[in-house]
Number of protein chains: 2
Amino acid sequence: MKTPLVTVDIIIFTVMEKDLKVLLIKREIDPFKEKWAMPGGFIKIDEPLEEAAKRELYEETSVKDVYLEQLYTFGGIGRDPRARVITVSYFALINSNEVKIKASSDASDVRWYAVKQLPELAFDHRKIIEYALKRLRWKLEYTTVAFKLLPEKFTLTQLQEVYEIIFDKELDKRNFRKKILSLGLVKETKETQKEVSHRPAKIYSFNRSIGIGEIVEIF
Amino acid sequence: MKTPLVTVDIIIFTVMEKDLKVLLIKREIDPFKEKWAMPGGFIKIDEPLEEAAKRELYEETSVKDVYLEQLYTFGGIGRDPRARVITVSYFALINSNEVKIKASSDASDVRWYAVKQLPELAFDHRKIIEYALKRLRWKLEYTTVAFKLLPEKFTLTQLQEVYEIIFDKELDKRNFRKKILSLGLVKETKETQKEVSHRPAKIYSFNRSIGIGEIVEIF
DNA sequence: CCAAAAGTGTTAGTGATACACCCATGT
DNA sequence: ACATGGGTGTATCACTAACACTTTTGG
């Protein structure tokens, strides 16, 4: 029986330099040579899907330890000019600290692009990124995944910036804090910001008694 | 290159006889001979995924014209004892009127089962149904899909019953009506219920200016 | 006139929004 | 002392939740 090929693709987001970014790789082979694409590739016959996604991400970008969830399976005919290929796409988040270490890990053909300034993309990857972006906004509104875009310890202003950047909208500082604190999502640490030329902010950490990705209506 | 096989499976829900039901088929061949399974099967090499889902559903159960959306892609190794099989599952809703015509369409080995009384299921289908049920509850809360479980014209009590059955929880009649009417989800028709031995209810229809499945916070 | 389900308003409480000033630190 | 971002409270409005009786029809 003829059966389609199966790939996984990973769309990984981070917040960096006050911008929402995705990690892309420049293709070195046809089809779509020289175009940019999300990390991904064919799955192995004895490999679970999510593991394949992690493996491809690590092989191609040296990025690991990310929040990962399945996004959608794209299976239109003609996605790939060579053959029928079905791709199971995964949605990943990583915090900007780890990114600094890993993004430049190999050649310069792996880059973080601001989602507002994407280059020409291979396959149907633009469509996939748009879909992922909707999911990301939804996830921020209704779950606690935002914390996966921040390091272990953060200030409330940093947290608010994550929301503002992704929603592309300013939020009221007082109301934001009231909401986050009343939901008990974070706990204070004893630390404060260092070496800032203004009043230092309190440092918080995520309240681990609430699961990351758990459904909590935030806005 | 070795590549997995790809199937689609459809989990179709309806509300019937004051119960939430799913359509299952008794398998006539191994593996899992005599066990019940969701409709589905291998996709064709030149067939879009969603079309494959519709085709399998129609071939196996004569059910068509359903609300259909992709649910999740299950790809664990060992799902199918014969080979590596990845299944793209679809989530479908149909209203109980159409069901009456079509459910008994062929042999008695196609049956609607109450989700609370499922028989022994093939493959990982129980897990898939549980996942679908969570999605269904979520969809009812945040979108307008409930209307896909009702005929074109319905009473508010019928609508409320759909919610009560799926949430497995009683709702306040006055508050429910206030909410539905204030969201403008329905419009009154000129008709009323006939041949009931009590005050006849007004008949409503879905307000088509709001898309089915559109996100609207209902509860 | 009885049974059955339809239909309808008010109140109290909770959460959302809008808004402006003082505080702590480094230079 | 000034510049910078950190941190805080209150009032209004909208929405939610709880709750019981009257209406219309058929039998």
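What you see is a predicted model; the values in this text were computed from it and never measured. Every chain is numbered from 1, with letters handed out A, B, ... down the list of sequences.
Side-chain to base pairing of B:K178 with C:dT10: one donor and one acceptor N or O lie within less than 3.5 Å of each other.
At whole-Å resolution of the value, CZ in B:F219 and P in D:dA18 are 13 Å apart. Going from atom CD1 of B:I180 over to atom C1' of C:dT8 covers 17 Å, rounded to whole Å. The CG atom of B:L181 sits 12 Å away from the P atom of C:dG9 (whole-angstrom rounding). Summarising the geometry, the separation between CZ on B:R177 and P on C:dA5 is reported as 13 Å, rounded to the nearest angstrom.
In summary, the side chains of A:R177 and A:T157 do present a donor paired with an acceptor at a separation below 3.5 Å, with no hydrogens or angles considered.
No donor-acceptor pair under 3.5 Å is formed between the side chain of B:T192 and the backbone N or O of B:K202. The closest donor-acceptor contact from the side chain of A:T14 to the backbone of A:I94 lies under 3.5 Å.
Aromatic rings from B:W112 and B:W36 are positioned such that their centres are separated by 6.0 Å or more. A distance below 6.0 Å separates the ring centres of A:F219 and A:Y163. Taking the six-membered ring where the residue is Trp, the centroids of B:F154 and B:Y204 are separated by 6.0 Å or more.
Contact record, A:A132 with A:I11: CB-CD1, 3.5 Å, taken as the closest heavy-atom pair. Contact between B:H125 and B:M38 at its shortest, heavy atoms only, is ND1-N, 3.1 Å.
Near DNA chain C, meaning a heavy atom under 4.0 Å from it, residues 154-176 of chain A has A:D172, A:R174, A:N175 in order of number. A heavy-atom distance below 4.0 Å to DNA chain C is reached by these residues of residues 190-203 of chain A, ordered by number: A:V196, A:S197, A:H198, A:R199, A:P200.
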